[in-house]
J.: 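One structure follows; several queries about it will come next.
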Amino acid sequence: MTLFERIIAREIPAQILHEDDLCIAINDINPQAPTHLLIIPKKPIIRVSLSSHEEVSILGHLLWTGGEIAKKLALDQSGFRLVINNGPDAGETVPHLHVHLLAGRSLHWPPG
Ligand code: 5GP
């Protein structure tokens, strides 16, 4: 099982902020902004570049959920960023797809 599958199975503790049939959202253990969540599909898709067309609705659901969580946390006016790291150059460290939701400070662009 991946680290995130073990969190989804409650084998490893995490602060769970949202859960539905397709995904879970947790606080990142090493936050890079005042708000830093991970939106994780329950299906252990490894990364975007290894997803299949049958998984398009899951990929869309992750983005939509990010927007809904941001609105619930009143982050939609100040702004927020959704990020997916795909592969080593992008900084991917956990091979189970996840969307980072970052907010609560002014974020640099372009990202480092
Ligand atoms: P990646 O670098 O793969 O895009 O993102 C992995 C993220 O998972 C990192 O931001 C890292 O801090 C977070 N992470 C790693 N291990 C754990 C953990 O055990 N619990 C939680 N909540 N986050 C973790």
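Remember, it's 1-based here, ligands and their atoms both numbered in the order they're listed.
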J.: So which atom in Ile8 and which in Lys42 form the shortest heavy-atom distance, rounded to 0.1 Å?
T.: CD1-CA, 3.8 Å
J.: Which parts of the protein, at residue level, reach under 4.0 Å of ligand 1 through a heavy atom?
T.: Leu3, Phe4, Ile7, Ile26, Asn27, Asp28, Ile29, Asn30, Leu38, Asn85, Gly91, Glu92, Thr93, Val94, His98, His100
J.: Quick check on side chain to side chain contact (heavy atoms under 4.5 Å, CB included): which of Ile69, Leu101, Asp28, Leu17 does Thr35 satisfy it with?
T.: Leu101
J.: Please evaluate residues Ile12 and Leu3 with respect to the criterion side chain to side chain contact (heavy atoms under 4.5 Å, CB included), reporting the C-alpha separation (whole Å), side-chain torsions for both, the decisive distance (0.1 Å), and the verdict.
T.: CA-CA 8 Å; Ile12 295 175; Leu3 169 65; 3.6 Å; yes
J.: Is any side-chain N of the basic residue among Arg10 and Glu5 closer than 4.0 Å to the acidic one's carboxylate O?
T.: no
J.: One pair to check against side-chain hydrogen bond (donor to acceptor under 3.5 Å, both in side chains): His61 and Asp20. What are the steps and the verdict?
T.: CA-CA 10 Å; His61 183 75; Asp20 61 40; 2.8 Å; yes
J.: Report the C-alpha distance between Asn85 and His100 in whole Å, list the side-chain angles of each, state the deciding distance to 0.1 Å, and finish with yes or no for side chain to side chain contact (heavy atoms under 4.5 Å, CB included).
T.: CA-CA 9 Å; Asn85 295 325; His100 296 258; 3.6 Å; yes
